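A quick note: this is a predicted structure, and the numbers were derived from the prediction, not measured.
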Amino acid sequence: MSNRFGSRPDLKRIHEALSKLFNTITKEPGKRGLIFEITEKDKFIIFSDQHKGARDNADDFILSERNYLQALDYYNTKLFHYISLGDSEELWENLLESVIKHNKQTFEQEKLFINRNAFTKIFGNHDLYWDNDPLAGFNLNRIYGKKISIYEGAILKMKFQHQVLNIFLTHGHQGDLQSDGNWFSKWFVSTVWAPLQSYLQINPNTPAYDNQLKTVHNSMMYSWQADQKDTALITGHTHQPVFASLTHLERVYLKLKNATAEHQQPEIDKLNEELKKRVKKGDEVPEFKAYKPGYFNSGCCCFSDGDITGIEIEDGLIRLIKWSFQKSGIPERSVLEEMKLSQLLDIT
């Protein structure tokens, strides 16, 4: 009901909002976002959508907390810069005091990046409080021992000979009426959905390698990126991992298309077997055009199986990574997808 009546992602609104934010950051760095001039030596980890809650049955972060803490320990030890890409705290369903009380360990782990001046916090729709409440700075100081700045986005700039790649990061709720201050959706989530979710112990976030095509919102985000030159876009918000403009299911379909064109029967059989496990008979088969590879979505840190996904930038590469519990019960990192950042440049 909330999605049906409250969510109206609109292509024109999305494109206008993204262009406005990108231009504002470019012209006035520090006002709504930071610009980082980076090289292959710089390392970034991007996580979004933790939705830290109150440790009740409506808290989607509970199962993922151990993976998140292990991941932050790994990235802090390796001196990554951490960009938290919005909806880190679930403040539609919970009071801030409750979130602070029940997430001290995760805040302490994030604080280690702040101590190294390697933490950038970007707000989303579920933690919009950090951008618009006059007490936000005071409460950030309570949490981290330091009043940190909050931004709507960031741009990473990397030079490649005669070209510059702009990697634009924002939460991605722009243009979605459910998220841009829609009173009904906020009321529905806090008053109806949260109690129901707690009672039924529901986590709506499917596992990281899900069986879905891109959501409408992700497709609209991609369409903005496709119109830009030498610009990649990284968002969160939808909880759906996207790498180089494709979900995992779309990537399987594309591999099948290529294998069929090249008459590679063993590969065709292998991919068809995977599709049998992932799709139902009669499901829509996407038509693939020439996708530009520049759109990415970090997924979320609250999947129903406890996994978390994120985007790494390191050694001139961009990766979609997952942290998950292995048979030993210990969280481990795995690389799901990887490509060179130079491949995101438009050919000139």
Side-chain angles (χ1 to χ4, degrees), residues 11 14-15 18-19 22 36 38-40 42-48 83 85 153-172 208-210 212-262 267 271 274 285-299 309-322 334-348:
L11 185 66
I14 286 174
H15 282 215
L18 291 176
S19 295
F22 182 83
F36 295 90
I38 68 172
T39 69
E40 291 189 2
D42 292 296
K43 298 183 286 188
F44 291 84
I45 176 63
I46 298 120
F47 285 127
S48 72
I83 297 180
L85 202 58
I155 299 174
L156 312 182
K157 288 181 171 287
M158 178 177 279
K159 292 183 179 179
F160 294 91
Q161 295 181 336
H162 304 298
Q163 288 177 274
V164 175
L165 175 65
N166 295 292
I167 305 173
F168 178 33
L169 301 101
T170 187
H171 180 65
Y209 254 31
D210 61 21
Q212 299 175 9
L213 305 178
K214 277 195 297 296
T215 63
V216 171
H217 198 88
N218 271 327
S219 295
M220 290 182 179
M221 289 283 167
Y222 163 75
S223 70
W224 179 87
Q225 185 277 325
D227 288 340
Q228 313 306 308
K229 179 176 173 56
D230 295 333
T231 300
L233 174 64
I234 302 176
T235 70
H237 183 56
T238 67
H239 297 197
Q240 182 184 45
V242 177
F243 186 84
S245 305
L246 298 171
T247 65
H248 178 63
L249 181 60
E250 289 170 333
R251 198 169 294 279
V252 173
Y253 275 122
L254 189 58
K255 287 178 181 177
L256 178 60
K257 178 183 177 182
N258 294 335
T260 302
E262 296 173 8
E267 182 70 6
L271 293 168
E274 182 169 359
V285 177
E287 290 186 17
F288 285 102
K289 51 188 178 182
Y291 275 97
K292 287 180 65 177
Y295 175 59
F296 301 82
N297 191 297
S298 54
T309 58
I311 299 290
E312 286 180 8
I313 294 173
E314 181 185 23
D315 297 329
L317 300 169
I318 184 167
R319 307 184 185 103
L320 174 66
I321 54 88
K322 177 173 74 171
S334 56
V335 177
L336 303 180
E337 307 286 351
E338 179 181 270
M339 69 184 295
K340 294 180 179 179
L341 286 169
S342 58
Q343 292 177 261
L344 303 180
L345 289 165
D346 291 301
I347 299 173
T348 57

*asked:* Can you give me the closest heavy-atom contact between L213 and Q240, atom names plus distance?
replied: O-NE2, 2.8 Å
_Partners meeting salt bridge (charged side-chain N to carboxylate O under 4.0 Å, His left out) with E338 (sequence neighbours left out)_ = R319
*Please list all pairs passing the salt bridge (charged side-chain N to carboxylate O under 4.0 Å, His left out) test where one or both residues lie in residues 243-252, with sequence neighbours left out.*
K214-E250, R251-E337
*asked:* The criterion is side chain to side chain donor-acceptor pair (under 3.5 Å); which residues satisfy it with K157, sequence neighbours excluded?
replied: N166
*Of all heavy-atom pairs between T309 and P241, which one has the smallest distance, and what is that distance?*
OG1-CG, 3.9 Å
*asked:* To the nearest 0.5 Å, what is the distance between CD1 on I83 and CD1 on I45?
replied: 9.5 Å
*asked:* Any side-chain to backbone donor/acceptor pair from E40 onto M158? Under 3.5 Å, distance only.
replied: no
_Heavy-atom closest contact (S223 atom, H15 atom, distance)_ = OG-NE2, 2.7 Å
_Quick one: does any side-chain atom of H239 pair with a main-chain N or O of G299 as donor and acceptor, under 3.5 Å?_
no
*Are I234 and I318 side-chain neighbours, meaning at least one heavy-atom pair lies under 4.5 Å?*
yes
*About how many Å separate CD of Q343 and CG of L317, when rounded to the nearest 0.5 Å?*
9.0 Å
_All ring pair (Phe, Tyr, Trp, His ring centres under 6.0 Å) counterparts of F44, not counting sequence neighbours_ = F36, H81
_I'd like to check M339 versus L344 (side-chain heavy atoms, cut-off strictly below 4.5 Å). Are they in contact?_
yes
_Please report the interatomic distance NZ(K229) to CD(Q163), rounded to the nearest 0.5 Å._
6.0 Å
*Check for a donor-acceptor pair, side chain of S245 on one end and backbone N or O of K292 on the other, with a separation under 3.5 Å.*
yes
*asked:* I'd like to know if the side chain of T215 pairs up with that of T238 as donor and acceptor (distance under 3.5 Å, no hydrogens or angles considered).
replied: no
*Under 3.5 Å, is there a donor-acceptor pair between the side chain of D230 and the main chain of L345?*
no
*Can any side-chain N or O of Q225 pair as donor or acceptor with the backbone N or O of M221 at less than 3.5 Å?*
no
*Quick one: are I167 and F296 in side-chain contact, heavy atoms under 4.5 Å?*
no
*Not counting sequence neighbours, which residues clear ring pair (Phe, Tyr, Trp, His ring centres under 6.0 Å) with Y291? List them please.*
Y222
*asked:* I'd like to check Y253 versus K257 (side-chain heavy atoms, cut-off strictly below 4.5 Å). Are they in contact?
replied: no
*asked:* Let's go through H217 and I14 carefully: what are the C-alpha distance in whole Å and the side-chain angles of both, what is the deciding distance for side chain to side chain contact (heavy atoms under 4.5 Å, CB included) to 0.1 Å, and is it a yes or a no?
replied: CA-CA 9 Å; H217 198 88; I14 286 174; 3.7 Å; yes
*asked:* Could you report the tightest heavy-atom contact between L341 and L165, atom names first, then the distance?
replied: O-CD2, 3.6 Å
*Can you check whether W224's main-chain N or O pairs, donor with acceptor, with D227's side chain at less than 3.5 Å?*
no
*Separation between OG1 of T231 and CD1 of I155, rounded to the nearest 0.5 Å*: 8.0 Å
*For T235, check side chain to side chain donor-acceptor pair (under 3.5 Å) against everything at least two apart and list the hits.*
Y295, N297
*asked:* Quick check for you: to the nearest 0.5 Å, what is the distance between T170 atom OG1 and F22 atom CZ?
replied: 12.0 Å
_Heavy-atom closest contact (L85 atom, S298 atom, distance)_ = CD2-OG, 4.4 Å
*Hey, are the side chains of L18 and F168 touching, using non-hydrogen atoms and a 4.5 Å cut-off?*
yes
